[in-house]
Amino acid sequence: MSAIEEFAAILENTDVVKQALRILKEEPAFLLAEICREYERSSRQPIPDHRLRSIGYMGEAATKALISAGLVKKQSGGSTSLYVYEPTAEGLKWWEKLKAEGFYKR
């Protein structure tokens, strides 16, 4: 095992890193739920970035992960926001699965 692998293993055993890894896994699901809820409330209009609560590095990483996985589309926002987000058909399917388990509630 290399020094960096040993070092990472030490850190991965801390509560702080365990919590960060959990958040990194869960934040995209919460963000997808937020986008899908707003999408349905707005009669299926793309959601402006300023209406999303997920902010900061984890929020940005979650957004990029959803786009990269093909669960959300990002488009130019026009005059009211920088970007708007719209769930894909696959994203909506995943949201239904998450809703069924009650996961999306914060």
Minimum heavy-atom separation for Thr88 to Val72, with atom names?
CG2-N, 4.0 Å
Where Thr63 and Tyr85 come nearest, the two heavy atoms and their spacing:
CG2-CE2, 3.6 Å
Looking at every non-hydrogen atom in both residues, tell me the closest pair between Tyr39 and Glu86 and how far apart they are.
OH-OE2, 3.0 Å
If we ignore hydrogens and angles and just use 3.5 Å, is the side chain of Glu34 paired with the main-chain N or O of Arg53 as donor and acceptor?
yes
Would you mind checking if Arg22 and Glu26 are paired as a salt bridge, meaning a charged N to carboxylate O distance below 4.0 Å?
yes
Check: Met58 and Leu24 side chains under 4.5 Å, non-hydrogen atoms:
yes
In Å and rounded to the nearest 0.5 Å, what is the CD to CG distance from Glu27 to Leu31?
6.5 Å
CZ-SG distance between Arg44 and Cys36, expressed to the nearest 0.5 angstrom:
9.0 Å
Residue pair Ile67, Lys73: steps toward the side chain to side chain contact (heavy atoms under 4.5 Å, CB included) verdict:
CA-CA 6 Å; Ile67 293 165; Lys73 292 186 287 187; over 6 Å; no
Looking at Lys93 and Glu96, does any basic side-chain N land under 4.0 Å from a carboxylate oxygen?
no
In this structure, would Phe7 and Leu21 fall into the same cluster of hydrophobic residues linked by side-chain contacts under 4.5 Å?
yes
Distance (rounded to the nearest 0.5 Å) between Leu71 CG and Ile35 CD1
9.5 Å
Is it true that Ile4 and Val17 fall in one hydrophobic cluster, defined by side-chain heavy atoms closer than 4.5 Å?
yes
Quick check for you: to the nearest 0.5 Å, what is the distance between Lys64 atom NZ and Glu60 atom CD?
4.5 Å
Taking the six-membered ring of Tyr83, is the NZ or CZ of Lys74 close enough (under 6.0 Å from the centre) and on axis enough (within 45°)?
yes
Go through the steps for Lys18 and Glu12 under the test salt bridge (Lys or Arg N to Asp or Glu O under 4.0 Å), then give the verdict.
CA-CA 6 Å; Lys18 286 178 184 176; Glu12 287 170 4; over 6 Å; no
Chi angles and distances behind the side chain to side chain contact (heavy atoms under 4.5 Å, CB included) call for Val84, Asp49:
CA-CA 6 Å; Val84 294; Asp49 51 10; over 6 Å; no
Is any side-chain heavy atom of Ser42 closer than 4.5 Å to one of Ile47?
yes
Separation between CD (Glu40) and CD (Gln45), nearest 0.5 Å, reads 13.5 Å
Any heavy-atom pair between the side chains of Leu98 and Phe30 that's under 4.5 Å?
no
How long is the span from the CG atom in Leu82 to the NE2 atom in His50, to the nearest 0.5 Å?
10.0 Å
